[in-house]
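First the structure, in the form of structure tokens, and then the observations on it.
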Protein chains: 2
Amino acid sequence: MKQYSIKDIAKLCNVSTATVSRVINNNGRFSEETKNKVLEVINQTGYMIDDSARSLRTNVTYTIGILVPDIKNPFFADLVQKIEELLFSKNYSTIICNTDKNEKKEQAYLHMLENKKVDGIIVISGSYQHGFKFQSSLKEIPYICIDREPENFHNTVFISSNHYQGGLDATNYLFNRGSQFPAIVVKKINSSTKSRIAGFKEALKNHQVKFLKSHQELKLTNKNAVKKFLAKNPQVDGFFAADDNIAISLIQYLKELNYQIPKQIQIIGFDDIPAANVLTPKLTTIQQNTKKIAQTAVNSMMNAINKQNEKGSQFLIPTKLINRETTR
Amino acid sequence: MKQYSIKDIAKLCNVSTATVSRVINNNGRFSEETKNKVLEVINQTGYMIDDSARSLRTNVTYTIGILVPDIKNPFFADLVQKIEELLFSKNYSTIICNTDKNEKKEQAYLHMLENKKVDGIIVISGSYQHGFKFQSSLKEIPYICIDREPENFHNTVFISSNHYQGGLDATNYLFNRGSQFPAIVVKKINSSTKSRIAGFKEALKNHQVKFLKSHQELKLTNKNAVKKFLAKNPQVDGFFAADDNIAISLIQYLKELNYQIPKQIQIIGFDDIPAANVLTPKLTTIQQNTKKIAQTAVNSMMNAINKQNEKGSQFLIPTKLINRETTR
DNA sequence: TATATTTAATAAAACGTTTACAATCCAAAA
DNA sequence: TTTTGGATTGTAAACGTTTTATTAAATATA
């Protein structure tokens with residue numbers, strides 16, 4: 001039952017541990033003969049390397065930590081899954097840390113990741129306003145940021161969708177499909193939504209419409225609010241929802257208020273979560289290219305690990321409009 | 001920049017490494033005075049323990065591996081998130097392994113987890129028919145199975161929802177709401193759906209209706225198939241969909257065929273994925289208690305780690321019917 | 001006071017690798 | 001034959017912990 005160690009293998013092969021190690025790592029030179037002998041014995045015994053020992057010696061763990069605010073969010077789940085897949089193909093393990101946007105958990109996880117001496121950390125959409133401790137402790141471990149740049153991180157690699165362009169495209173689409181007065185609905189202001197709003201405003205400008213405060217609304221969180229808003233602003237004939245979940249509840253309220261979608265009011269969302277394609281009517285939305293984001297992130301992570309400093313770089317990944325039934 | 005080791009701390013404290021270690025682990029005896037001194041220095045230096053070294057010595061990693069077929073599936077995501085949270089509260093790290101139901105990835109991940117000497121493995125809904133290598137290599141590492149018992153695992157702890165009861169409840173509900181001839185729609189046969197079907201059949205028996213082959217259908221994968229099926233079996237006035245995704249497409253087809261839901265045909269699903277509550281009409285479904293499943297699983301895992309053998313145990317967690325709009 | 005007991009601390013080995021350096025082997029060159 | 005040098009292998013230290021056995025010091029007991 002006892003696990004075999006490299007010493008056992010060495011003894012069984014009449015060879016030194018150094019040689020066994022070299023064969024395992026295909027590193028240094030050895031004769032074809034010893035190589036075969038060692039491999040043979042390893043196979044027979046079912047010897048498994050001990051990564052703790054190896055890491056202790058080499059200071060490399062082949063493990064990456066991912067900090068994610070909410071793995072149940074389909075966009076994050078998708079992103080994490082794709083990153084994990086890529087890392088796996090490069091022989092890295094991934095430790096996924098669900099922070100719940102909870103400062104305590106963030107700190108604790110960072111501690112854990114440091115203790116585990118992970119080779120790098122990928123931070124997805126962190127808020128981390130309390131970044132001080134975070135930043136200082138991460139001096140040693142390379143990290144990159146995806147989706148949202150944590151406020152207290154500076155001079156880091158930063159990868160996200162081009163939210164600005166996405167917002168611009170979405171709004172232009174509403175115009176092109178006949179809306180005269182589109183409004184944007186936002187719930188939380190952060191670096192992503194800020195860019196989407198900027199895109200929205202740019203589209204207005206392109207269409208020679210001046211941005212009024214009725215163009216942007218934050219509090220359409222129930223049927224009544226929507227009713228009131230539309231009574232006050234009857235000219236509104238389109239909504240750019242800053243994310244699909246906002247769009248989903250908006251559609252629900254509008255249907256309850258007997259508005260016709262997209263005939264009277266068009267709607268476009270952002271993210272393309274699975275539910276978007278299952279609604280009645282199906283949601284037109286802006287899809288983020290999670291695959292490309294993941295690729296870029298993993299690529300940057302590898303560069304960071306290999307001391308190829310990219311700090312300060314920003315990678316903006318294009319989005320794609322998915323036309324469904326909430327636009328004309 | 002160099003990382004402090006326990007030796008450095010010991011030197012700075014005029015004390016042996018053994019003492020430092022004992023203070024860190026709050027283990028063995030030491031005076032209040034030395035304890036304070038050591039803690040003080042640790043704080044000042046920012047010393048961080050090296051888990052590789054510790055694991056090498058103790059043979060304990062405080063890490064658990066989770067094998068999951070598809071983290072993007074909301075049910076799995078939910079389950080994994082809850083397990084992770086519980087493990088975290090017990091100071092365990094979680095390595096989430098997304099296997100994509102791909103044998104190669106399963107094997108490779110198991111290898112990885114073994115090399116990393118994780119303290120335990122939680123297998124979610126594995127297929128693992130090719131289990132030989134799996135099983136043999138897992139002789140040393142405790143594992144438990146959730147949701148579906150892998151076919152080549154024997155004598156393991158097994159935790160899942162009570163699919164039988166869920167199926168029974170679902171079908172009874174259709175009857176109670178006025179259906180005379182409910183049919184069950186299944187896509188894949190596995191241990192979970194088998195139980196759901198068994199529950200369905202039991203409900204038929206309870207209502208003195210004999211199970212005919214028209215009661216169960218596997219291939220309603222497009223509008224036309226549904227049309228044909230209903231033409232041939234006009235008496236069908238309710239569907240128990242073996243999972244919510246089946247229910248969702250079913251609803252879509254039925255709507256396109258101008259059936260009225262739930263007036264003409266009632267539908268009930270299984271899982272309660274987020275989309276279920278966003279459909280038109282909203283889906284009545286059977287909700288799994290992921291929280292309870294997660295708790296039970298983590299509990300069993302801890303027992304397994306502590307050599308409290310529960311092998312052979314089965315834990316069946318009750319489900320809950322969520323009444324929405326696809327039933328009368 | 002002498003002895004037994006409790007408490008605090010240490011020294012050193014061990015965990016399983018990798019690797020710098022040294023040693024050996026063997027064929028080819030001189 | 002001797003020398004040389006490349007290829008192969010070995011020796012032993014090191015990585016940062018924990019822990020066993022031991023000692024030293026302090027305290028209690030007789």
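Here is the naming used below: chain letters follow the sequence lines, and residue numbers restart at 1 for every chain.
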Test side-chain contact (heavy atoms from CB on, under 4.5 Å) on B/Ile305 and B/Ile64; report intermediate values, then the result. CA-CA 10 Å; B/Ile305 289 174; B/Ile64 301 288; 3.7 Å; yes

Using a cut-off of 4.0 Å on non-hydrogen atoms, how would the nucleic acid contact of B/Asn115 be classed: base, sugar-phosphate, or nothing? nothing

Test for a donor-acceptor pair under 3.5 Å between the base of D/dT8 and the side chain of A/Arg22, counting only N and O atoms. no

If you compare every side-chain N and O of B/Thr34 against the phosphate oxygens of C/dA9 (OP1, OP2), does one of them come in below 4.0 Å? yes

Of C/dT18, D/dT17, D/dT9, the nucleotide closest to the side chain of A/Thr19 is D/dT9

A/Asn27 side chain near C/dT18 phosphate (N/O to OP1/OP2, under 4.0 Å): no

Confirm from the modelled atom types if B/Arg57 and D/dT18 form a donor-acceptor pair under 3.5 Å, side chain to base only. yes

Closest approach to the side chain of A/Tyr47, judged atom by atom: which nucleotide of C/dT17, D/dT8, D/dG10 is it? C/dT17

Of B/Ser16 and B/Leu56, the one whose closest nucleotide on DNA chain C sits nearer the 5' end is B/Ser16

Touch check for A/Asp51, heavy atoms < 4.0 angstrom, all strands: base, sugar-phosphate only, or nothing? nothing

B/Phe30 has an atom CZ; how far is it from atom P of C/dT7, in whole Å? 14 Å

Of all the choices, C/dT10, C/dT19, D/dG16, which nucleotide is nearest to the side chain of B/Ala53 once you look at every atom? D/dG16

Has the side chain of B/Arg29 got a donor or acceptor that lies under 3.5 Å from a partner of the other kind on the base of C/dA9? no

Would you say A/Ser21 places a side-chain N or O within less than 4.0 Å of OP1 or OP2 belonging to C/dT18? yes

Closest nucleotide of DNA chain D for A/Thr17 versus for A/Glu33: which of these residues is on the 5' side? A/Glu33

Tell me whether the side-chain N/O atoms of B/Tyr4 come closer than 4.0 Å to OP1 or OP2 in D/dT17. no

Could you tell me whether the side chain of B/Ile146 reaches within less than 4.5 Å of the side chain of B/Leu79, counting heavy atoms only? yes

Round to the nearest Å and state the distance from A/Lys11 atom NZ to C/dG16 atom C1'. 13 Å

At under 4.0 Å, does any side-chain N or O of A/Ser31 touch on OP1 or OP2 of D/dT9? yes

Take the protein atom CD1 of A/Ile24 and the nucleotide atom P of C/dT18, then report the distance between them rounded to whole Å. 6 Å

Output the rounded distance in Å from CD1 (A/Ile9) to P (C/dT17). 9 Å

If the threshold is 4.0 Å, N to carboxylate O, is there a salt bridge linking B/Asp50 and B/Arg54? no

Find the distance B/Glu32:CD to C/dA8:P and express it as a whole number of Å. 10 Å

Please give, in whole Å, the distance from D/dT19 C1' to B/Ile6 CD1? 12 Å

Euclidean distance, atom NZ of residue A/Lys116 to atom P of D/dG16 [Å, nearest integer]: 18 Å

Starting from P on D/dT17, measure out to CG on B/Asn59 and report it in whole angstrom. 17 Å

With distance as the sole criterion, is a donor-acceptor pair present between the side chains of B/Asp147 and B/Ser160 under 3.5 Å? no

Candidate nucleotides D/dT17, C/dT18, D/dT8, ranked by approach to the side chain of B/Ser5 - the nearest: D/dT17

Do B/Lys105 and B/Thr99 get their side chains close enough for a donor-acceptor pair, meaning under 3.5 Å? no

Looking at A/Thr94 and A/Ile96, would you say the former's side chain and the latter's main chain have a donor-acceptor pair under 3.5 Å? no

